[in-house]
Amino acid sequence: MLEIVAADYSYPGGIAAVSGIGLALQPGEKVAILGPNGAGKTTLLTLLNGTIRPDRGSVRLDGQEIRYDKAGLRHLRRQVGLVLQDPDDQLFAASVFEDVSFGPLNLGLAPNAARGQVDAALAAMRIEDLRDRPTHMLSFGQRKRVAIAGIVAMQPRYLLLDEPSAGLDPFSVSHLMAALRRIAGQETAILLTTHDIDMAYGWADRIVIFGEGRIACDGAPEDIFADRALLHRLHMRPPLIWEIAQAMRAAGMLPATGPLPRTRRDLLQLIGHETATMDRIAADLSV
Amino acid sequence: MLEIVAADYSYPGGIAAVSGIGLALQPGEKVAILGPNGAGKTTLLTLLNGTIRPDRGSVRLDGQEIRYDKAGLRHLRRQVGLVLQDPDDQLFAASVFEDVSFGPLNLGLAPNAARGQVDAALAAMRIEDLRDRPTHMLSFGQRKRVAIAGIVAMQPRYLLLDEPSAGLDPFSVSHLMAALRRIAGQETAILLTTHDIDMAYGWADRIVIFGEGRIACDGAPEDIFADRALLHRLHMRPPLIWEIAQAMRAAGMLPATGPLPRTRRDLLQLIGHETATMDRIAADLSV
Amino acid sequence: MHIMEGYLPASHCIGWAAASAPFVILGLRRIARVVREHPQVKMLLAASGAYVFVLSALKLPSVTGSCSHPTGTGLAASLFGPTVTTVLSAIVLLFQALLLAHGGLTTLGANIFSMGIVGPFVAYGLYRGIQAIGLGTTIAIFTAATLGDLATYVTTSFQLAIAFPDPASGIIGAAAKFLGIFAVTQVPLAISEGLLTVVVWNLLSKY
Amino acid sequence: MRLIDRNAQTNRWRRLPALEKAALAIGMMTAALCSPGWMAQGVVLVSCAALLLWGARISCRDILRSASVPAGFIALSSLAQVVTLQLNSAWPVLGLSEAALLPAGFIALRSLACVAALLFLALTTPLTDILRLLRRAGIGPEASDIALMMFRFIWLTLDCVESSSRSQANRLGYDGYRRSLRSLGLLLAALLPRVLNRAQRVEAGLAARGYDGELRFIDLEEKLSLVRLAGTAALITTIAMIGRVGY
């Protein structure tokens with residue numbers, strides 16, 4: 001388990017970035033963090049991976065408080081991988097393969113083992129075909145996937161991603177989320193930040209909302225979005241699908257019980273299903 | 001009218017960015033361009049503002065083909081403002097006010113007149129409070145608004161924006177779109193690129209879809225999204241609101257005629273209205 | 001390695017400023033000429049200057065474990081030639097004084113002389129010379145960057161020695177003292193900078 | 001790295017004319033540099049500290065932190081001065097010169113006073129204001145435009161370097177000397193094309209705003225005040241006279 005406990009962090013100059021935040025990430029979980037620009041989401045990720053050190057509070061891995069010396073950070077970063085928002089900050093080597101092998105080689109793996117992990121990461125991100133391409137000739141979406149592969153190749157148990165879907169077209173986003181779903185299946189926990197509430201609602205097991213440097217709420221999507229007063233205070237809107245489904249339920253167009261649809265497909269099916277039922281009823285009546 | 005006619009452009013190295021594109025922008029219009037990463041959307045904007053010159057074809061302002069000498073470009077850029085995606089590519093001065101005053105001064109305005117246009121632009125973008133702040137100490141969302149103000153202060157008749165909503169949280173996006181709606185009201189045409197299909201659907205009078213360096217379609221939102229085969233070929237999905245409304249209409253939950261809802265609020269009202277009607281009917285029946 | 005604000009007597013400050021001025025003016029003229037022909041060079045030089053500045057503010061891993069800052073002028077001189085590097089160095093030194101309080105305004109002339117003139121010219125001369133002999137680019141770049149950096153440090157030590165001669169052994173003795181004291185950080189730094197410049201150069205030539 | 005700039009951008013005196021602040025700083029620096037006596041240096045040191053603390057309202061901690069690096073260098077150089085070196089015997093002999101103690105102390109104090117004057121300027125005045133001053137003084141539009149853009153590019157480049165080195169550290173790129181050197185080399189090599197590319201994009205971005213080769217904007221500086229200038233002149237004259245006395 002990766003935890004942050006009662007942590008404060010202020011930027012030089014005294015501006016508080018986060019205060020009193022606490023969060024625990026269980027193996028295998030899929031968690032999405034929402035919140036406005038500048039609310040402290042990125043700060044949380046960099047705290048969790050030891051890049052910055054909390055002014056107060058602590059970060060714990062499997063119950064042990066992490067140490068900020070070389071060995072301690074090395075231990076932490078083997079298990080906690082962080083993908084930054086801008087892929088250009090993360091690609092250095094001339095070719096995709098070389099770049100993705102940077103992490104595994106630094107882990108001290110033998111060339112053959114490293115090669116295996118690189119190939120696995122390229123396969124997980126579905127970019128085997130980019131293997132030998134020069135990094136400076138990739139498109140934005142490709143660079144983004146290569147940057148993620150660079151961390152995935154280190155096989156962290158906790159994968160943190162800062163705005164992985166930012167700047168991608170919807171088709172690339174759905175590909176990326178599918179890749180993250182495949183990776184999360186293998187005992188890896190994923191924690192990502194996003195502005196895309198609908199995507200978060202369809203993907204995450206758990207949603208955390210940040211507001212003004214604090215964690216405003218943390219829980220199952222159904223519970224979070226049911227609290228209208230809270231969302232209003234945070235200037236947030238519930239996911240469109242959730243809101244429409246709620247309105248339809250209130251209007252009697254969807255059954256009053258049962259799980260709410262999470263994705264576009266779920267909702268459309270539900271509407272179609274209802275139609276089918278209504279058609280059947282209508283047919284029954286007309287008999 | 002700002003037009004581009006049968007234009008081709010290839011990047012140095014011979015990779016075609018756009019080919020045979022044609023588009024006309026009328027004063028006062030609100031147009032959104034959709035399309036995957038790398039389809040040529042940004043290239044179109046830079047062609048329209050004379051930053052790059054088409055290999056074939058032409059760009060015309062009010063029927064006159066533009067000249068690419070100093071005076072010609074000066075004339076074009078007085079009327080056609082371009083806001084780049086990355087605000088850091090457009091900001092250079094030390095403080096917000098100084099930076100926004102750059103464009104108006106370049107137009108040859110006297111300091112006092114320039115000052116007035118700067119203040120008007122800061123007010124239009126609702127960033128009067130940032131007036132005195134150093135540019136390199138602003139957040140991403142703030143820099144984005146300052147970059148737009150820098151162009152708005154030049155009071156162009158055609159305002160082009162490359163991915164204005166990218167990287168912004170939903171609340172900031174709705175603020176930004178409201179600001180753009182205010183500006184568009186004043187005889188200014190706005191053309192923007194985006195990946196946010198739902199936002200485009202709610203905001204634009206006209207939608208243009210790019211695919212592989214060509215304009216795949218251009219027209220009213222209702223017509224564009226009705227062509228399922230085309231969208232499928234372009235790996236695009238219709239807006240969620242449109243799709244749900246269609247499904248509900250097909251299921252008989254919404255009336256078969258009348259305009260489709262464009263925004264979240266429209267749709268929710270429509271669902272609520274239907275409920276009210278049904279309640280009324282139920283009440284009538286029970287009488 | 002810079003001489004701090006107020007460390008040199010007024011006469012030395014004026015003297016070194018006068019010695020540096022012609023080089024700076026020469027470089028400015030050259031830039032003005034190039035900018036007139038290719039206006040976009042202005043932005044490229046600004047970006048390169050920022051690169052050199054940030055490079056000089058980076059902490060460099062050092063073999064002795066201590067951290068120090070490279071000058072970056074070896075790389076700049078190899079890329080842009082020595083006269084342009086002099087102007088960029090002058091701006092970088094002004095910025096270092098006003099953004100980091102490294103060096104100073106009164107000692108600007110002396111620091112331009114060591115870091116903006118002697119360093120780049122030595123580096124550039126070695127780079128061209130060694131290439132001409134045919135010893136290969138890697139050796140040329142390493143030697144140029146390392147000795148360019150060392151030349152800056154030797155010059156600074158002599159500038160201090162002329163200002164503060166040793167009561168017993170004069171300027172030579174004083175220079176030996178300054179060289180000795182700063183050698184602890186500067187010699188490993190120069191080697192690191194040489195190695196780093198080679199790594200960067202080799203990677204850049206791949207693009 | 002951002003400490004001095006942050007204060008320059010946010011202190012209470014940031015909008016005062018750069019000319020006034022520069023006149024005060026350079027006047028005090030000159031007075032300190034040219035005074036043979038100890039007292040003038042002390043007065044400069046104290047006045048600068050007082051002006052920074054109570055005038056510009058800069059925190060004591062930030063002043064000390066920005067002075068720490070130059071102070072370290074001054075200490076190291078002074079060490080070289082108090083040590084003597086005998087070269088005329090068979091071996092070079094190091095010794096401690098008592099006679100050199102006093103002059104070395106004086107140089108250190110003078111240097112500290114000048115650093116204080118430099119910090120007064122640096123901590124109260126945004127660097128771009130100083131560049132505008134230099135431009136008015138006639139250093140040529142090329143150099144001043146390059147310097148102005150360089151200032152902007154420095155922050156962009158620094159952001160890139162910080163994120164990039166963080167990302168390399170995330171992938172364990174800074175374990176050991178060899179790996180660190182290689183990682184830093186990779187970073188700098190990837191950075192240069194990025195920075196040059198940025199220059200091209202900024203060129204296009206400014207062109208969209210009517211850039212024709214000259215950077216101009218309306219500044220927010222306050223008007224020159226004769227009262228403040230007179231005060232400055234009086235302070236510097238007093239320090240120069242104290243210096244003349246010779247203590």
Side-chain angles (χ1 to χ4, degrees), chain C residues 2-7 9-10 13 28 31-32 35 39-40 42-51 53-55 57-58 60-61 63 87 91 94-95 97-102 104-106 160 164 166-169 172-174 176-178 180-182 192 195-196 198-200 203-204 207, chain D residues 1 4-5 29 32-34 66-67 69-70 73-74 76-77 79-81 83-87 97 99-100 107 110-111 113-115 118-119 121-122 127 130 140 142-143 145-147 149-150 153-154 157-158 161 177 180-182 184-186 188-189 191-193 195-196 198-199 202-203 213:
Chain C
H2 308 328
I3 303 175
M4 285 300 115
E5 188 73 272
Y7 214 79
C13 296
L28 278 174
I31 288 175
V35 165
Q40 69 278 16
K42 210 145 98 172
M43 222 58 92
L44 289 177
L45 281 176
S48 313
Y51 180 79
F53 180 89
V54 169
L55 206 157
L58 277 183
L60 202 60
V63 263
V87 177
I91 302 176
L94 178 71
F95 278 29
L98 291 169
L99 284 177
L100 303 168
H102 282 194
L105 300 178
T106 59
L160 286 169
F164 307 106
D166 191 282
S169 48
I172 301 296
K177 283 190 313 195
F178 285 113
I181 283 182
F182 292 113
S192 285
L195 291 172
L196 182 71
V198 170
V199 174
V200 174
L203 287 165
L204 279 178
Y207 280 98
Chain D
M1 175 78 214
I4 291 181
D5 176 68
M29 208 180 274
L33 197 64
C34 300
S66 40
V69 173
F73 266 93
I74 291 169
L76 212 56
S77 307
L79 182 69
Q81 280 195 61
V83 169
T84 54
L85 187 65
Q86 295 280 352
L87 287 177
S97 158
I107 300 295
R110 183 180 76 193
S111 194
C114 289
V115 166
L118 173 72
L119 280 177
L121 182 64
L127 183 48
I130 297 170
E142 284 85 15
D145 278 1
I146 289 173
M149 285 313 302
M150 210 171 118
F153 284 133
I154 281 174
T157 311
L158 197 66
V161 168
Y177 176 72
S180 302
L181 202 63
R182 172 155 172 82
L184 200 58
L186 280 168
L188 292 176
L191 188 66
L192 187 62
V195 167
L196 298 179
R198 168 78 75 182
V202 169
E203 183 95 27

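Here is how names work: the chains are called A, B, and so on, in the same order as the sequence lines, proteins then strands, and each is numbered from 1. Only heavy atoms go into these numbers, but all of them, side chains included; no hydrogens, no water, no symmetry mates.
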When rounded to the nearest 0.5 Å, the distance separating CD of D:Glu203 from CD of C:Gln40 is 6.0 Å

Is chain D contacted by the side chain of C:Leu28, its backbone, both, or neither, given a heavy-atom distance below 4.5 Å? side chain

Most contacts with chain C, counted as non-hydrogen pairs under 4.5 angstrom, among D:Val115, D:Leu188, D:Val195: D:Leu188

Counting heavy-atom pairs under 4.5 Å to chain C, which of D:Ile74, D:Val161, D:Ile4, D:Leu79 comes out on top? D:Ile4

Under 4.5 Å from any heavy atom of chain D - which part of C:Phe164: side chain

Minimum-distance pair of heavy atoms, taken over all atoms of C:Pro9 and D:Arg110: N-NH2, 3.5 Å

To the nearest 0.5 Å, how far apart are CZ in C:Phe53 and CE in D:Met150? 7.0 Å

Find the distance between CG (D:Leu33) and CD (C:Glu5) and round it off to the nearest 0.5 Å. 8.0 Å

Between C:Tyr51 and D:Phe153, is there a donor-acceptor pair closer than 3.5 Å when you use the side chain of the first and the backbone of the second? no

Among D:Ala122, D:Ala113, D:Ser66, which has the most heavy-atom pairs under 4.5 Å with chain C? D:Ala122

Counting only N and O atoms by type, is there a donor-acceptor contact under 3.5 Å from the side chain of D:Arg198 to the main-chain atoms of C:Ala47? no

Gap between atom CE of D:Met149 and atom CG of C:Leu45 - 0.5 Å precision: 12.5 Å

Largest heavy-atom contact set with chain D, pairs under 4.5 Å, which of C:Asp166, C:Val199, C:Leu94: C:Asp166

If you look at every heavy atom in C:Leu196 and D:Leu181, which pair is closest and at what distance? CD1-O, 3.7 Å

The interface call for C:Val87 against chain D, heavy-atom contacts under 4.5 Å, is neither

Any idea which heavy atoms bring C:Phe178 and D:Ser77 closest together, and the distance? CE2-O, 3.8 Å

Between C:Leu98 and D:Leu127 the two heavy atoms that sit nearest each other are CD1-CD1, 3.4 Å

Any heavy-atom pair between the side chains of D:Tyr177 and C:Ser192 that's under 4.5 Å? yes

D:Thr157 (side chain) donor-acceptor with C:Ala50 (main chain) under 3.5 angstrom: no

For chain C, which of D:Leu186, D:Leu121, D:Val202, D:Leu119 has the most heavy-atom pairs under 4.5 Å? D:Leu186

Is there a donor-acceptor pair under 3.5 Å between the side chain of C:Lys42 and the backbone N or O of D:Gly213? yes

Non-hydrogen atoms of chain C under 4.5 Å away: do they reach the side chain of D:Ala32, the backbone, both or neither? neither

Closest non-hydrogen atom pair between C:Ala46 and D:Ile146, with its separation: CB-O, 3.5 Å

Closest approach of C:His2 to D:Phe73 (non-hydrogen atoms, all atoms of both residues): O-CD2, 4.2 Å

Can you tell me which of C:Ile172, C:Leu99, C:Ile91 forms the most heavy-atom pairs within a distance under 4.5 Å of chain D? C:Leu99

Does any part of the side chain of C:Val200, heavy atoms only, come nearer than 4.5 Å to the side chain of D:Leu192, both counted from C-beta? no

